[in-house]
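A quick write-up on the structure given underneath.
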Amino acid sequence: MTDSNPGSAGMRAEQYLAPETIGQLTSFEFRARMIAEGVMSGMHRSPYQGLAVEFAEHRQYVSGDDLKHLDWKVYGRSDKLYLKQYQQETNLDVVILVDASASMRFGTLKVKQGWGGTDASSRINTWTKFDHATAIGAALCYLALQQRDRVGLSMFSDGIQAQVKRSNAKTTWRNIVRTLATETVDSTTDFKKVVEQTLATVSNRSLFVIVSDFLVPTETVRAGLARLRHRRHDVMLMQVLDRQELQFNLDEPAPFEGLEGEGRVNIDPRVIREDYLSALTNHCNTLEKTARSLGFDYLRLDSHGSVGPALAALLGRRALLSRGGRAG
Amino acid sequence: MTFVTTSLAIAGVIAAAIPILIHILLRRRRKPMQWAAMSLLIEAARRHRRKARLEQIILLTVRAVMLILLGAALAQPLFGDRVGVVGLRTTHIILDDGIISGLIEADGRTSFERQVAEAATFIDSLPSGEQVSVILAGAPVRFLIESPTTDHRSAIRAIETLQSREGATDLASALELADTTLDREGVQGVRIFSDFRRGSIDDRRRPPVLHGPAGSPIELTASMPIDEPATNIQVISIKTARSPLSTMGTGDLLLVEVKLRRTGLTPAMVSNVRLEGDAMSGVETRKVEWSPGRTEIQVDFQVRVDTDGGVLEVVIDPDALPLDDQRFVMVDGREPTRVLLVDRDELAGSTRLDRLRGTDWFERALLPFPDAAIAEAITIDRVDPATINDRDLEGTSMVVIGRPDLLPLEFNSTLTNWIRRGGIAVVLPPGELTIRPWASPLLEELNLPWSVSLEPSRVDPPRSLSAEQPSSALTTLLDAELVELAPSVRIDQRLPVTDVPDGDVVLLDDQGDPVVLDAPIGAGRIVFFAVNPELEWTDLPVRPLMVPLVQEIVRQGSALSKRDIDGVVGIRPPMVRQSSVATVTLPGSASQAVTGTELQIPDRTGVVEGYDLGGNLVERMVVNPDTDGGFVDLLAQDAVAAWLESSGSWQFTGPDAVVVEQVDERSNMAVILIAIVLFLAFLETLLARWFTRGGLRSSRSAGLTGANADSEQDRFGRGAAA
């Protein structure tokens with residue numbers, strides 16, 4: 001899926017990046033490619049305005065190309081029309097960490113049967129946080145590989161469950177796709193341990209993109225991030241939460257059961273909604289402050305929404321790093 | 001606090017458990033929901049737990065209180081000083097079974113039968129555990145059920161066996177009797193079942209103030225006064241008297257004077273009056289015409305009684321109230337009237353007029369003519385006052401005591417008892433030779449207020465009898481002649497008597513001092529001559545007035561003395577005159593022994609038979625109905641309420657009223673409780689809404705969003721699979 005023409009009839013850019021659309025693709029590869037192409041085509045507005053990518057090479061102008069990228073110097077010298085093509089001069093090591101703990105199995109967005117996602121979600125016709133996280137992970141990996149970055153992938157819960165070593169070889173993408181196809185495990189998240197295990201395998205400075213719901217004590221996140229900061233790595237936190245978790249618009253009292261063995265508690269959602277949202281807001285704000293205080297980036301994503309912002313955020317971060325700047 | 005319907009109050013408490021059960025059951029059946037952000041949820045729940053528990057408790061409490069109050073409202077609570085333990089509630093029923101209750105109504109039932117049916121329905125409607133007692137208001141008033149009972153069935157059976165009685169209704173006494181039992185634990189109430197016709201209420205007596213336990217008020221309820229007019233004719237009296245001696249022919253004629261009374265409606269109508277009995281042969285009838293508005297009629301009969309005497313009965317046509325349509329009277333046989341002269345015998349007989357004593361002149365006046373027929377009518381005996389005893393009084397109709405100062409002192413009580421049983425004693429003052437002060441002891445024994453001087457006094461100048469004499473029952477037939485005969489009587493000596501009530505004077509002198517006195521003593525009479533009929537005192541013995549005066553004293557005295565020997569239901573028992581009577585059988589009662597001269601007050605009309613120790617019938621007496629209780633005139637509710645108000649505040653109810661309607665304004669608590677329940681229901685709704693919406697916040701938080709929050713166009717375009 002390479003058509004990046006913004007004028008494509010019947011298909012708007014956001015539709016490419018919506019879970020309902022992505023979910024139609026059973027293949028991670030196609031899915032990731034569609035996402036990446038959609039973002040690269042500029043259809044999704046990047047939150048990072050003024051992004052610049054370095055000039056890499058020329059190609060001959062064909063009718064319909066954007067004259068904005070025309071190299072006028074070459075035209076002046078040769079009287080021929082050539083377009084500039086850009087690429088990053090600096091290659092990054094990008095490590096994608098995707099949370100595969102039990103809490104990521106949660107989802108409330110119903111999708112049509114057979115729309116894909118993971119095997120688990122296709123059985124329950126629900127787009128889960130894990131589906132969203134793996135879609136983001138796949139797209140990020142694809143995008144990074146397109147930029148000729150070295151990409152690694154880890155699936156984690158209470159430790160690293162599955163891993164693809166950093167590489168930009170041709171086999172890397174397939175390894176990534178295979179790894180992403182793993183299912184969630186019935187265990188909790190031990191963030192600190194995951195960071196330790198990851199640091200043991202990464203020595204040079206890298207960009208860590210952690211895709212998780214981060215429903216863990218913020219102290220453990222701070223400790224892990226601090227370790228990464230100490231080793232001079234860069235981090236992007238992408239917190240994926242289900243819309244129901246974000247808004248808590250439930251009406252019926254019911255016994256609520258934790259996915260990671262937290263037990264059961266009888267709750268009337270209408271009664272404790274404000275208290276829950278207050279706790280959630282505090283948690284998320286703490287996470288964001290923690291990340292930003294360490295110079296890292298934080299992005300909160302709704303699993304019912306588009307995956308585009310996640311990729312745009314990566315691109316923006318990559319651009320800042322390549323200019324030698326630091327975020328914040 | 002007690003309840004009209006306790007079971008509803010208990011049901012309310014049980015129903016309060018329903019919301020709790022629902023809460024428990026609903027909790028169990030909800031499907032568990034899996035949640036990822038459990039730690040946040042637990043933290044929020046922990047924050048809210050205390051508040052939530054309190055909110056649940058508040059809501060459950062409000063709901064439970066609502067149900068309890070609803071049950072209490074339906075059960076109608078009673079508050080106030082009368083607060084008592086549930087079950088300790090007593091209703092004292094007063095049934096009007098007096099003669100007026102015998103009124104027959106259009107449906108053929110008597111008024112009493114209808115009242116009994118209403119009372120039975122009322123008792124049957126009482127909650128189990130509520131006690132009842134029953135008082136019968138017909139005289140003599142008595143308890144039917146004195147000790148309050150919760151056995152309603154037995155109480156109903158007891159009242160259903162009752163019948164109307166012939167005594168007058170005495171509601172005042174019935175309420176006095178009820179008052180003796182009101183000082184019990186628990187709520188007390190009095191309920192009167194009566195038609196409240198005029199015969200049910202005695203204006204001369206007021207009901208007592210009723211006191212409940214510890215002075216608390218009593219629930220007072222009465223039947224609504226009836227508004228069905230009726231007419232009733234009564235035989236109210238029968239008076240008999242022997243014919244005056246001057247008119248006696250062969251045989252013995254008895255004058256019978258019957259009085260009839262009509263109450264209620266008084267249209268023109270005709271009554272038939274029938275005189276019969278075993279004292280006469282055959283039947284005498286009279287037809288009486290009642291003109292509109294007339295309320296009393298006298299019917300006279302003159303009949304020849306049998307030798308042995310017996311019972312005469314007057315009967316009229318049966319009407320709406322048949323219980324007072326007949327009346328009895330005992331008449332003596334044709335035996336002579338025995339007169340006993342109590343005086344000293346003079347050994348040397350004397351016919352000198354100036355030496356005749358008062359008793360001698362009495363004897364001559366009693367037998368003025370040497371006529372065999374008169375001799376058959378009156379026999380005269382003499383006895384010395386020093387030797388007189390009670391046997392001498394047996395069979396004697398009248399004693400004339402010439403020397404009361406010679407009577408033994410202990411004879412005064414014998415004489416008094418004899419008088420009380422119907423004897424007539426004529427007392428003549430002794431002359432100057434008074435042996436002892438005789439008047440005071442005798443008057444004290446007779447309980448008379450007269451003050452009699454010890455010695456006579458000469459009157460100078462002589463007096464005469466006054467031309468105008470007071471009206472006296474003894475001289476009824478002489479009233480017309482007294483104007484002419486009295487002033488010619490000269491009085492030279494008199495025994496001063498003072499402190500004489502006006503009604504006791506028979507003859508006065510021209511100075512207004514009493515000459516002859518008369519007073520009823522029990523069934524008998526005492527006639528006292530303040531002027532001894534001796535020539536030394538007065539010329540009365542030789543005046544034309546002497547004979548008719550003495551004979552009227554005998555005739556009318558006998559008639560008057562028999563008047564009160566008859567019994568009246570609810571008022572007085574019949575007088576036992578014969579001292580040999582050992583047992584009597586009252587109408588409707590078993591045989592009873594006679595102790596003294598007083599029998600128990602009868603509650604049925606009829607003939608009373610007295611037997612001696614050998615079982616021989618020695619005396620017959622009669623008991624008649626109390627016709628004063630037979631006034632069928634209607635009374636307004638206001639009049640009845642005014643009469644009852646001295647005992648408390650009464651509520652009048654119709655025949656369909658049952659226990660619930662007896663409850664007074666205190667039951668309005670139910671309305672207040674229901675209002676409170678409605679308010680609580682509204683409050684519960686508000687609270688439930690408030691608690692679930694997180695209080696009074698005007699807007700609800702939208703929650704968090706992600707950086708990839710959808711635009712409106714995206715949501716429209718995606719066409720979500722969900």
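Hydrogens, waters and symmetry mates are skipped; everything else that's a heavy atom, side chains included, is used. What you see is a predicted model, and the numbers here were worked out from it, not measured in a lab. We name chains A, B, ... by the order of the sequence lines, and we start the count at 1 in each one.
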| Which atoms of A:Leu299 approach chain B - backbone, side chain, both or neither, heavy atom under 4.5 Å | side chain
| remark: Rounded to the nearest 0.5 Å, the CZ atom of A:Phe191 sits from the CG atom of A:Asp158 at a distance of 14.0 Å
| task | Using atom types as modelled and distance alone, determine if a side-chain donor or acceptor of A:Trp127 lies under 3.5 Å from a backbone N or O of A:Ser303. | result | yes
| What residues, two or more places apart in sequence or in another chain, satisfy salt bridge (Lys or Arg N to Asp or Glu O under 4.0 Å) together with A:Arg222? | none
| message | Any carboxylate oxygen within less than 4.0 angstrom of a Lys/Arg side-chain nitrogen, looking at A:Asp99 and A:Lys129? | response | no
| query | By a 4.5 Å heavy-atom criterion (distance strictly below it), what part of B:Gln34 contacts chain A: side chain, backbone, both, or neither? | reply | both
| note | Expected contact set for residues 209-217 of chain A against chain B at heavy-atom separation under 4.5 Å reads A:Leu215
| task | First locate atom CG of A:Asp268, then atom CG of A:Leu250, and finally report the distance between them rounded to the nearest 0.5 Å. | result | 10.0 Å
| Toward chain B, the part of A:Leu277 with a non-hydrogen atom under 4.5 Å | side chain
| query | Using 4.0 Å as the upper bound for N to carboxylate O, is an ion pair formed by A:Asp275 and B:Arg46? | reply | no
| Pairing of B:Arg89 and B:Glu219 as salt bridge, 4.0 angstrom limit | yes
| task | Answer yes or no on whether B:Arg191 is positioned over the face of B:Phe122, meaning its NZ or CZ is under 6.0 Å from the six-membered ring centre and within 45° of the axis. | result | yes
| For A:Gln239, is it the side chain, the backbone, both, or neither that has a heavy atom closer than 4.5 Å to a heavy atom of chain B? | neither
| task | Indicate whether the side chain of A:Ser101 and that of A:Ser157 have a donor and an acceptor atom separated by less than 3.5 Å. | result | no
| task | Could you tell me which portion of A:Glu245 (side chain, backbone, both or neither) has an atom closer than 4.5 angstrom to a non-hydrogen atom of chain B? | result | both
| task | Under 4.5 Å heavy-atom distance to chain B, tell me which part of A:Asn282 shows up: side chain, backbone, both or neither. | result | side chain
